[in-house]
Amino acid sequence: MSDVIRPPPHSDNLVPSGQEHLRQLSSMADTTDAAVLITDAQGLVVYHNSGFSRMFGWTLDEVRGQHGPTLLARQASEEFFASIRKALLAGRSVKVDELIISKEGRRHWCNLVCNPVTDPEGEWLYTISVLLDITRTKIYEVLNNRVLEAMARDLPLIEVLEMVCEEVEQIAPEISASILQVDDEGVLHPLASPSLPFSYSSQLDGVVIGPSVGSCGTAAWRKEPVLVLDIATDPLWADYKHLILPLGYRSCWSTPIMNKDSKVLGTFAFYYRESGPHVASAFHQQLVQACIYLCALAMEREQTRLRIRHLAYYDALTGLPNRSLLQASADQLLQQQHSESQSAAVLFIDLDRFKHVNDSLGHSGGDALLCAVADRIKGLLRHAGIAGRLSGDEFVMVLPHTDCEHIGLLIERVQSTLTQPLHLKDTAVDVSASIGVAVYPQDGHDIETLIHRADMAMYQAKKAGRGRFSFFSKEMNSLAKERLGLEQALRQALVGDDGTLHLHYQPQVDIVTGRLYGVEALARWRHPLLGDISPERFIPLAEETGLIGILGHWAMKTACAQMRQWREAGLEVPTVAVNMSPLNFHNLHLPALVADTLSLNALPPSSLTLELTESLLLEANPAVLKTIETLNEYGVRLSLDDFGSGYSSLSYLRSLPISELKLDQSFVADLAHDAAERNLSAAILGIGESLGLTVIAEGVETTVQLETLREQGYPVVQGYLFSKPLSPTAFEQWLRASDFCRRAPPYDTGVSNSAA
């Protein structure tokens, strides 16, 4: 202690005025419950009230004549005492917050107000110090400020909780603080314990809470504080005392950290090297109350942050990374592979027949299937690699590998895992997947390119059948670029009306009368650079790119305009049939569009036949059914194309206003050699006749086929035996030259063949 504030030798001689002052001051001090201490000009204690005894434990006889500042603020510096004495000598009051240590060693944060008392001549006689216990408020203030500031700076949770422990240990050095987390499965994980050895804390990681799992595991289990005064003998520590006793700790007090819903988030523990009054004191309880609130706040904030991150970067259904996180993680993996001169494989996985599961078991069944597949994919990643869900039933895996043999084994393991038996809603589900593979760095140097090319390879695998896989190749890349170019050109052809997209017409002949029954309009496309593009190529392209609806409208308008030109030229073509996609029938404005087109070309509704596919009947969409009914009421004929090749329902055929069935050409091809095919064609004709429908046989190429169909009673035929699809001009020439529409059977097929 500095000489400036060192107390002089004790003297009992007080001047009368001083004694009177002291008597008056003592009387005033006894009227308040606050702690009051009176010291003389040298800082020696001359009096304190009962409130002081209650707060700090000393009687007046125990402290009279002792130096008050050093008695109470033992940890304070000499500079602190010097600054107070200087202010009092100047006649100024002093107000500070200071940590005061009681007789029993308890710590109290106090608001200390010191006022100098002088005699009439201005000489400093006494100091009256009033002490108010602000321990609880001060603890909250100090810890709150530090913790909230740390959270505002977005420090990691562990750093925030380490700081809490360090603050507690600075206020109460006899304590070693520890904070453990309790996860959703009731498992302990160390978060902060700056004074405990890592070797001890690490052995608590993974311990499951329970009724006798030390102080912390038991406190979390009971949801209430647990105080163990003797770790060596308490049964709660029987299985864990060998971990802590060698470190010199004898007692442990643990309090659960809970959120507002009473869910245990973790535990806050004080370890002591001895038992006695220092264990779970009132001051320590105040520390705990302040800390567990802040710990709960920090831990809940971390959980919220993790939930937000999970929603932003993980698929909500399966828990797999979404596209954003997958790409970021995959980029890191590719960088690592590059630095090690290693390769990687990107697998694009698409489930086979997933729509069938959704239709059969409902969306909940489909979701269950996706979750099961995701779990299997996660199981495949125990050693290395990453995976994610893109959308629907599409998954991506990125796996490090070293050679082709290794990647072959990887794919085999993936397929074997995914095809294992699966039961959903007590129903056995056959799981298989089509897999496309792109290899880094051969097929691309960034993850977006690799995923795109693996996707292309997957489509190649799907074309080959279920449960297949395919590697990306340069040829596939060229095909993809060509496909993109075709898509753009097809869009231009539909919008630009440059004549590259046009219709050909194939005659349909009435077997009985030999007259022209009608024509079918068939789309043809001549690319300016690639030449003629097969319908088998550009029709699927239109379906995949969403252009099929526009293509159907274009075909209907073009066919009606051609019908008007033929009739103006004196050619009687009874009706034109136009193929329409299911997408067209989903358009509620289709009937109005058809009516406007027919009116514009001065055609009666009966001159137009719209062909629909069997797949449309399976939808049973009320809007589609309404569109079909409206078209029929208007007078447009409806024909069911390729009958027998799909999933036709006789109940729909009976209830829908269809006027024609078209026998698929696959049934016609083997009529001459296959009795089963003849029986099937006869049966289909019987179905059509029983429903009052006209049945048209497609794909007739030989006279034997024609005669067989005529014998069975087919009314209308169509095929290369009569004519291939012709341009409008060629059709006019064919019709005029053959006079076909006015000839009766037997037919002279030579004319049509030469025209073909």
Side-chain angles (χ1 to χ4, degrees), residues 493-494 497-511 513-528 530-539 551-552 554-580 601 603 607-611 637 639 641-642 660 662-665 668-669 696-703 705-706 709 716-743 745 747-756:
L494 285 168
D497 193 22
D498 55 6
T500 60
L501 193 66
H502 52 278
L503 292 179
H504 279 193
Y505 301 88
Q506 186 170 37
Q508 299 169 331
V509 179
D510 187 317
I511 289 182
T513 65
R515 299 183 64 83
L516 185 68
Y517 175 83
V519 294
E520 180 181 5
L522 300 166
R524 296 293 184 264
W525 184 25
R526 173 162 292 179
H527 191 277
L530 301 177
D532 290 331
I533 306 296
S534 168
E536 286 75 16
R537 189 174 179 188
F538 72 80
I539 296 297
L551 181 61
W554 169 86
M556 188 265 295
K557 292 179 179 179
T558 303
C560 288
Q562 184 59 58
M563 285 284 285
R564 182 195 67 208
Q565 293 178 23
W566 281 333
R567 293 190 177 184
E568 290 176 349
L571 291 174
E572 184 60 34
V573 179
T575 182
V576 61
V578 179
N579 289 281
M580 303 293 278
N601 292 284
L603 297 174
S607 62
L608 177 64
T609 299
L610 297 182
E611 296 187 357
R637 303 173 67 184
S639 175
D641 196 18
D642 299 333
E660 289 181 0
K662 299 191 75 176
L663 176 69
D664 186 70
Q665 59 186 354
V668 177
I696 301 175
E698 295 183 294
V700 181
E701 297 182 353
T702 68
T703 54
Q705 293 170 346
L706 176 62
L709 293 169
V716 181
V717 290
Q718 172 183 345
Y720 270 51
L721 179 62
F722 307 101
S723 175
K724 69 176 182 179
L726 300 170
S727 68
T729 301
F731 175 74
E732 292 178 21
Q733 294 173 353
W734 174 86
L735 191 60
R736 294 182 188 278
S738 65
D739 198 23
F740 188 76
C741 59
R742 288 187 291 275
R743 284 186 291 107
Y747 306 108
D748 180 3
T749 59
V751 176
S752 59
N753 283 334
S754 63

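- Here the CH2 atom belonging to Trp734 is positioned 13.5 Å from the NZ atom belonging to Lys724, to the nearest 0.5 angstrom.
- The line from CD of Glu660 to CZ of Arg637 is 4.5 Å long, rounded to the nearest 0.5 Å.
- We find the CD1-CD distance between Ile696 and Gln508 to be 4.5 Å, quoted to the nearest 0.5 Å.
- Note: Leu494 CG to Leu501 CG = 5.5 Å, rounded to the nearest 0.5 Å.
- Atom CD of Gln565 sits about 13.0 Å away from atom CZ of Arg567, to the nearest 0.5 Å.
- The side-chain heavy atoms of Leu530 and Trp525, taken from C-beta on, include no pair separated by under 4.5 Å.
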Given Asn579 and Glu520, is the side chain to side chain donor-acceptor pair (under 3.5 Å) satisfied, shown in steps?
-> CA-CA 8 Å; Asn579 289 281; Glu520 180 181 5; 3.0 Å; yes
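- Looking at every heavy atom in both residues, Phe731 comes nearest to Pro507 through CE1-CG, 3.9 Å.
- Distance check: Ser723 OG to His504 NE2 gives 10.5 Å after rounding to the nearest 0.5 Å.
- Trp566 is listed as a side-chain neighbour of Val519, based on a closest heavy-atom distance under 4.5 Å.
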Evaluate the criterion side-chain contact (heavy atoms from CB on, under 4.5 Å) for residue pair Val576 and Leu608; output intermediate values, then yes/no.
-> CA-CA 5 Å; Val576 61; Leu608 177 64; 4.1 Å; yes
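- Looking at Leu503 and Trp554, their side chains come closer than 4.5 Å, going by heavy atoms from C-beta outward.
- Side-chain contact between Met563 and Val573: present, with at least one pair of heavy atoms (C-beta onward) separated by less than 4.5 Å.
- Counting heavy atoms from C-beta on, the side chains of Tyr505 and Leu726 never come closer than 4.5 Å.
- Pro725 approaches Arg524 most closely through the heavy-atom pair CG-NH2, 3.4 Å.
- Looking at every heavy atom in both residues, Ala697 comes nearest to Leu663 through CA-CB, 4.1 Å.
- Heavy atoms only, all atoms of each residue included: Thr500 and Pro528 are closest at CG2-CD, 4.5 Å.
- The shortest distance between side-chain heavy atoms of Asp641 and Glu698 falls below 4.5 Å.
- When all heavy atoms of Pro574 and Leu516 are compared, the pair lying nearest together is CG-O, 3.3 Å.
- Side-chain contact check for Ser727 versus His502: every heavy-atom pair is 4.5 Å or farther apart.
- At least one side-chain heavy atom of Ile539 sits less than 4.5 Å from a side-chain heavy atom of Leu551.
- Scanning both residues, Gly552 and Met580, for their nearest heavy atoms gives O-SD, 3.6 Å.
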